[in-house]
Amino acid sequence: MAMEALVNGHSSPNRDGNPKSERLQIVNDEKRFTPELSAQIERWGLRDVGFDYNVVAVFGSQSTGKSTLLNRLFGTTFDVMNESNRQQTTKGIWMCRGQGMNVMVMDVEGTDGRERGEDQDFERKSALFSLASSEVLIINLWEHQVGLYQGANMGLLKTVFEVNLGLFGKRTLDVTTGRTLLLFVIRDHLGVTPLSNLSRTLQADVTKIWDSISKPEDLQDRKLEDYFDLAFTTLPHKILTADKFEEGVADLRKRFTDKENPDFVFKPIYHKRIPADGVAHYMEGIWEQVQSNKDLDLPTQQELLAQFRCDEIANVALEQFSIQARSQKRPIEIGNVVDGLGAMMRSWKDQALTQFDREASRYHKGVYHKKRNDLTGQLNSILSPLFLGQLKNIHKSVLIKFKEELRDGVRGDNYNYGEVVSQARERLEKRFQEAVLEVRKVREDSDSEEQWSWREEEELLRAEVEAVATQMRSDETKKMLNQSERNIRKGISDPVELYLTEAKPDMWDKVLTLFQGTLEKAESTYISKAKSFDCTDAENTLALAVLRRRAWLALRSKIDEQIADTALIGKLRARFEDKFRYDENGVPRVWKPGDDIDSAFRQARDDTLELISLYASITPKDPSISFTLPSEPVSSSSDEDEFDFSSTLHVLSPTKAADITTRFRRDADAFFVEAKRSTVSSVAQIPVWMYAVLVVLGWNEAMAILFNPLYFVLVIGALSVMYIIFQLNLSGPLYQVTITVTDEIRRQITKRLREHFSEPALAAPNSNSRDKDIKEEDFVQ
């Protein structure tokens with residue numbers, strides 16, 4: 001009986017039996033309007049209120065909590081969804097009075113339900129009925145649906161707007177009444193995206209839909225603001241943040257109940273100006289007009305059918321097209337250049353449009369052409385990422401090939417960099433143009449040139465090619481500079497070492513002359529190679545300045561290596577030995593007691609000390625021999641900062657020169673003492689008569705050893721061992737082993753004595769323990 005009552009449009013009582021909270025199904029799921037609405041309004045106590053009432057409806061996708069929201073806002077008793085079943089709850093259109101307020105609340109069946117499937121006829125009619133009969137239409141949607149087309153029911157809104165404009169558009173606009181407020185309630189708002197951003201997105205989507213609908217010729221200038229006002233609000237997640245959700249619902253309820261609230265929604269401008277006792281007939285008439293489509297400027301059944309069928313045909317064609325396009329999406333994303341992609345995309349597009357034309361061209365021509373344009377736009381929106389991705393991949397591939405050709409072209413010594421770059425650039429542009437022409441096969445004559453434009457990618461490619469060429473030229477220039485620097489280092493290394501070792505008065509003249517000759521040769525080689533790089537005079541000047549500076553630093557590095565403390569002391573010692581230990585003919589001297597060692601020592605020492613002042617600074621004897629560096633900085637890089645050239649001419653600081661002098665004097669004094677000792681050792685000789693005394697005194701002992709076999713063998717053995725030790729240079733190691741063994745024996749003896757004397761000490765009385773400890777300590781010592 002309950003089901004029969006619903007089908008016939010009868011009310012369903014509330015669980016508590018209160019007639020003011022009874023709900024009524026005014027349109028059942030078979031699209032029939034109930035005759036009981038007038039009686040129900042009377043039971044609600046609203047029949048005699050005149051204009052003192054309001055009508056609100058909710059619109060949105062199925063299972064998005066519309067009934068729950070209405071129950072929380074207005075205290076209604078609509079059935080809510082069972083979360084465990086997740087199925088359709090509201091069927092048709094239901095109405096209930098708000099608790100404690102003169103508000104008629106309509107709960108409309110959700111859109112996009114699986115129960116109705118592709119049958120969208122009731123969705124369109126119920127949405128149009130709600131829009132036409134209510135003052136405030138609550139559009140309920142989730143936050144993640146904002147920005148979606150179908151998810152946010154934008155397609156259905158588009159149809160409703162078109163039909164609504166045909167239904168009410170020709171009426172004279174009244175700025176005081178007749179408008180409708182579209183209140184977007186965004187559910188499960190997490191707060192990451194601000195309400196202002198969500199509002200702008202929805203505002204833009206609704207405005208775009210209004211601008212795209214088909215308007216009658218006499219209503220082409222009508223704007224969305226002429227018929228609708230938009231408002232936006234959010235509600236937190238109902239389950240995850242239940243407390244905040246209830247607070248948000250309470251705040252939203254005030255907008256429907258508190259007239260002093262600045263956001264109060266039931267403004268006079270939205271009232272339909274229909275007395276309460278005529279609401280039932282007014283709504284029934286609207287539903288009959290929506291159902292019968294008589295005497296209304298609504299789209300014809302042919303146009304509605306064409307829209308429906310064209311959408312279906314377009315979806316089928318689009319689905320097949322998407323499958324084909326997805327096959328090449330992954331290769332494009334990973335950076336591959338797909339051969340023949342342009343022809344493939346043109347073929348996919350032609351197949352989709354041909355399929356659509358074959359089946360949809362039989363329907364209303366205006367709708368067919370409009371839907372074809374929409375389908376073409378969707379196809380292009382899918383192909384556009386592939387087109388742009390292919391362009392970027394072509395860009396990368398030809399740029400990589402350009403770099404490889406540049407690297408191959410500059411190998412070896414005989415090449416012209418300008419010609420290498422020019423030829424590689426021509427081949428790159430040719431390959432790019434050919435690839436672009438192939439991929440642009442997807443473009444039709446009717447397509448926008450901007451949508452398939454490749455000029456921006458070409459300009460970017462040219463800029464990168466120029467950057468690569470410039471960087472390559474810079475790298476090659478640096479390689480030439482580095483090679484020139486290595487050649488200079490190699491050319492000056494051995495001669496400079498020889499000049500510094502000989503240390504003659506013209507030492508720095510020879511060093512600078514060699515350096516200038518080597519540098520001029522390197523500069524000449526660089527200039528001859530740099531001509532092929534099309535370098536400007538300023539660039540060549542800068543490069544040569546860098547080369548001169550690096551060359552000078554290489555020379556200074558070699559000088560510092562040869563005049564380091566150890567090396568310089570060695571050179572001074574060798575020079576002193578040549579002067580002191582050898583005569584003018586290079587023959588080693590054997591000092592005798594009568595030789596003048598002091599004079600020879602002073603002369604050799606003074607001659608050697610003069611070398612320190614010679615090494616101290618790079619000062620040539622010939623004034624015509626000189627080398628200078630530009631004083632201004634040659635580059636802004638950290639390794640080419642400006643430095644004081646004059647300071648690099650000083651090799652030894654005064655402090656270091658004094659330290660070297662002191663160390664050399666010590667070494668020279670050692671040579672002098674050694675020479676003096678050699679003269680003393682030559683004077684101190686053993687007297688001849690001493691040998692006779694040794695023979696007389698040791699004759700008996702020698703005979704005893706010689707004629708005793710045992711002694712003789714022991715002596716021969718001892719002499720043999722000593723000879724072997726002397727020949728193998730084992731005297732030092734043998735001495736160390738003896739010392740080590742002796743130390744170990746002494747350590748073991750000390751340890752044993754401590755252990756021996758420690759045990760009685762522990763058992764003895766305190767009075768005797770101290771004495772024993774003292775004795776043990778004395779013994780050990």
Side-chain angles (χ1 to χ4, degrees), residues 413 473-530 533 535 538-571 611-612 614-653 656-657 660:
D413 297 330
R473 184 176 69 175
S474 176
D475 293 342
E476 291 299 310
T477 302
K478 290 180 180 179
K479 286 171 57 178
M480 286 198 303
L481 288 176
N482 294 336
Q483 182 62 38
S484 300
E485 182 182 355
R486 288 193 294 270
N487 293 337
I488 292 174
R489 288 181 180 273
K490 183 178 180 181
I492 66 176
S493 178
D494 293 339
V496 168
E497 183 175 353
L498 177 62
Y499 296 152
L500 295 180
T501 302
E502 292 178 351
K504 295 181 179 180
D506 60 346
M507 175 183 67
W508 294 120
D509 300 66
K510 294 179 180 179
V511 170
L512 292 179
T513 301
L514 170 68
F515 173 73
Q516 288 181 339
T518 306
L519 179 60
E520 290 175 359
K521 182 179 179 181
E523 289 179 347
S524 176
T525 303
Y526 174 81
I527 290 297
S528 62
K529 289 185 177 181
F533 286 85
C535 296
E539 291 174 337
N540 287 332
T541 301
L542 178 63
L544 291 178
V546 172
L547 178 60
R548 290 170 67 87
R549 178 167 296 181
R550 289 186 179 181
W552 177 255
L553 294 177
L555 175 62
R556 271 307 313 266
S557 176
K558 185 64 179 179
I559 293 173
D560 293 340
E561 175 188 336
Q562 293 298 315
I563 308 183
D565 292 357
T566 304
L568 183 55
I569 291 295
K571 288 180 173 60
L611 295 181
I612 296 179
L614 179 63
Y615 284 123
S617 62
I618 304 175
T619 307
K621 297 294 183 183
D622 188 355
S624 62
I625 301 175
S626 62
F627 178 78
T628 59
L629 284 178
S631 59
E632 69 275 2
V634 299
S635 175
S636 60
S637 61
S638 59
D639 59 342
E640 300 290 353
D641 290 337
E642 182 181 7
F643 67 99
D644 187 5
F645 171 71
S646 60
S647 64
T648 62
L649 298 176
H650 300 287
V651 181
L652 298 177
S653 64
K656 188 174 182 181
I660 294 295

Apply side chain to side chain contact (heavy atoms under 4.5 Å, CB included) to Y615 and I660, showing your working.
-> CA-CA 11 Å; Y615 284 123; I660 294 295; over 6 Å; no
How long is the span from the [atom1] atom in [X] to the [atom2] atom in [Y], to the nearest 0.5 Å?
| X | Y | atom1 | atom2 | result |
| --- | --- | --- | --- | --- |
| L649 | W508 | CG | CH2 | 9.5 Å |
| I492 | T518 | CD1 | OG1 | 7.0 Å |
| W552 | L547 | CH2 | CG | 14.5 Å |
| L555 | K558 | CG | NZ | 10.5 Å |
| L652 | D565 | CG | CG | 8.5 Å |
| R548 | I488 | CZ | CD1 | 10.0 Å |

Less than 4.5 Å apart, any side-chain heavy atom of E561 and any of E497?
->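 No - every pair of side-chain heavy atoms lies 4.5 Å or more apart.
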Are R550 and L481 close enough that some pair of their side-chain heavy atoms sits under 4.5 Å apart?
->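 SC-SC contact between R550 and L481 confirmed.
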Could you check M507 against L614 for side chain to side chain contact (heavy atoms under 4.5 Å, CB included), going step by step and ending with a plain yes or no?
-> CA-CA 8 Å; M507 175 183 67; L614 179 63; 3.8 Å; yes
All side chain to side chain contact (heavy atoms under 4.5 Å, CB included) counterparts of D506, not counting sequence neighbours =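 In terms of side chain to side chain contact (heavy atoms under 4.5 Å, CB included), with neighbours along the sequence ignored, D506 is linked to K504, D509, K510.
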Could you pull out the closest heavy-atom pair between [X] and [Y], with the gap in Å?
| X | Y | result |
| --- | --- | --- |
| S617 | H650 | CB-ND1, 4.1 Å |
| A657 | I612 | CB-CG2, 4.0 Å |
| I563 | K656 | O-NZ, 4.0 Å |

Counting N and O atoms only, with roles assigned by atom type, does the side chain of S524 sit under 3.5 Å from a partner on the main chain of E520, one being a donor and the other an acceptor?
->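 Absent.
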Donor-acceptor contact below 3.5 Å, side chain S557 vs main chain L553 =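 The answer is no, because no donor-acceptor pair under 3.5 Å joins these two groups.
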Step-by-step side chain to side chain contact (heavy atoms under 4.5 Å, CB included) determination, I559 to I618 | CA-CA 10 Å; I559 293 173; I618 304 175; 3.9 Å; yes
